[in-house]
Amino acid sequence: MSEEKSEKTDGSEVSLGHLATDISFVTRVLRAQLLEQTGDFFEKHGVASGQVALLNLIALNPGVSQKELAEAVVLKKSALTKAINELERSGLIERRKAGGDQRYNALHLSEQGLARVAAMRTDMLGLQDTILGVLSDAERAQLFDMIWRVIRSL
């Protein structure tokens, strides 16, 4: 792989050297770029970045437990509880007792939550097309396959 470069403010380029293939550095740069690209989306839909994943996962898995959700998004239970409390206060989700276990909270989207996820979905697809527009469908599939292989190996 050739040595990657990054633009400096004076128009010259900064050599990234070995950092061009350092997963921690590259994903940090990607995350910063994604936050810049998605700011308008979060503002338009009145959600924080982490809430989008939680709402969509609850929509895809009605009745999911907080423990299962924490594992899926790789969050500590305390951090997830704070996010779930905020979503519940905002009227987007509901906790329901499931079965005989009073400790188990099944998470469901409220009517407002269902409407919010539906409204976000079209914009989410458009963002994906914008962000990944430089890749063909086959390259996108390959990218996600490789990322998930790395995640599963950790």
Side-chain angles (χ1 to χ4, degrees), residues 4 6 16 18-154:
E4 297 290 325
S6 178
L16 299 180
H18 68 280
L19 291 175
T21 57
D22 180 277
I23 191 69
S24 295
F25 177 77
V26 172
T27 54
R28 191 203 66 74
V29 171
L30 177 61
R31 179 77 178 142
Q33 293 288 338
L34 289 173
L35 287 173
E36 189 174 307
Q37 289 287 319
T38 56
D40 290 342
F41 171 88
F42 298 129
E43 188 175 322
K44 174 181 177 182
H45 293 286
V47 292
S49 63
Q51 292 177 334
V52 174
L54 296 175
L55 290 169
N56 278 276
L57 284 167
I58 295 168
L60 292 165
N61 303 278
V64 67
S65 72
Q66 286 183 219
K67 180 182 178 190
E68 293 165 328
L69 196 56
E71 290 170 0
V73 296
V74 192
L75 274 179
K76 291 182 181 178
K77 188 178 175 189
S78 59
L80 179 72
T81 299
K82 182 179 176 182
I84 293 300
N85 288 342
E86 177 60 32
L87 289 171
E88 188 175 39
R89 272 193 300 275
S90 66
L92 297 174
I93 67 164
E94 301 168 350
R95 287 181 173 117
R96 300 179 192 159
K97 296 296 179 195
D101 188 351
Q102 291 300 307
R103 296 170 297 164
Y104 181 89
N105 285 311
L107 301 175
H108 296 269
L109 293 181
S110 64
E111 289 300 318
Q112 182 183 352
L114 287 166
R116 180 79 53 93
V117 169
M120 286 190 298
R121 188 69 185 132
T122 300
D123 289 341
M124 288 173 67
L125 292 171
L127 266 174
Q128 290 295 301
D129 285 341
T130 298
I131 293 165
L132 299 174
V134 299
L135 303 175
S136 69
D137 288 345
E139 288 170 327
R140 289 180 192 196
Q142 185 179 20
L143 172 67
F144 285 109
D145 177 62
M146 290 187 290
I147 291 170
W148 283 109
R149 280 183 20 218
V150 169
I151 291 168
R152 286 190 298 271
S153 75
L154 299 175

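Heads up: numbering here begins at 1 and tracks the sequence. Since this is a predicted model, take the numbers as computed values, not measurements.
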Separation between CD1 (I151) and CZ (F144), nearest 0.5 Å, reads 10.0 Å

Applied to residues 24-35, the side-chain hydrogen bond (donor to acceptor under 3.5 Å, both in side chains) test, sequence neighbours excluded, yields none

For G91 and Q112, the nearest pair of non-hydrogen atoms, with its separation, is O-OE1, 3.4 Å

Here the gap from Q37 atom CD to T130 atom OG1, rounded to the nearest 0.5 Å, amounts to 7.5 Å

Quick check against the 3.5 Å criterion: does R116 have a side-chain atom that pairs as donor or acceptor with the backbone of L92? no

Test L80 against L54 for side chain to side chain contact (heavy atoms under 4.5 Å, CB included), laying out the working first.
CA-CA 9 Å; L80 179 72; L54 296 175; 3.6 Å; yes

CG of L154 to CZ of R149, rounded to nearest 0.5 Å, is 12.5 Å

Q. For A106, does its backbone N or O pair with a side-chain atom of S65 as donor and acceptor, under 3.5 Å?
A. no

Hits for ring-ring contact (aromatic ring centres under 6.0 Å, His included) against F41, two or more places apart or cross-chain, chain-then-number order -> H45

Tell me whether the count of non-hydrogen atoms from other residues, nucleotides or ligands lying under 6.0 Å of CG in D22 goes above 12. yes

Looking only at heavy atoms, the pair that brings I84 and I58 closest together is CD1-CD1, 4.4 Å

d(T38 OG1, L127 CG) to nearest 0.5 Å is 6.5 Å

By side-chain hydrogen bond (donor to acceptor under 3.5 Å, both in side chains), D137 pairs with (sequence neighbours left out) none

Looking only at heavy atoms, the pair that brings V26 and L19 closest together is CG2-O, 3.6 Å

In this structure, CG of L35 is separated from CG of L30 (nearest 0.5 Å) by 9.5 Å

task: Would you check if the side chain of D145 reaches a backbone N or O of A141 as a donor-acceptor pair within less than 3.5 Å?
output: no

- Is there a side-chain contact between N105 and R96 (heavy atoms, below 4.5 Å)? no

Nearest heavy-atom approach of V64 to L69 is CG2-N, 4.1 Å

Margin query: For a side chain to side chain contact (heavy atoms under 4.5 Å, CB included) check, start with the C-alpha distance between M124 and N56, then their side-chain angles and the critical distance, and finish with the verdict.
Written below: CA-CA 11 Å; M124 288 173 67; N56 278 276; 3.6 Å; yes

When R95, K77, E71 are each screened for side chain to side chain donor-acceptor pair (under 3.5 Å) with Q66, the one that passes is R95

Item to complete: Go through the steps to decide whether D129 and R140 satisfy the test side chain to side chain contact (heavy atoms under 4.5 Å, CB included), and finish with yes or no.
Response: CA-CA 10 Å; D129 285 341; R140 289 180 192 196; 3.0 Å; yes

Tell me, do E68 and N61 make a side-chain contact under 4.5 Å, heavy atoms counted? no

Heavy atoms of V134 and E139 approach each other most closely as O-OE1, 4.1 Å

To the nearest 0.5 Å, atom CD1 of I93 lies from atom CG of L107 at 5.0 Å

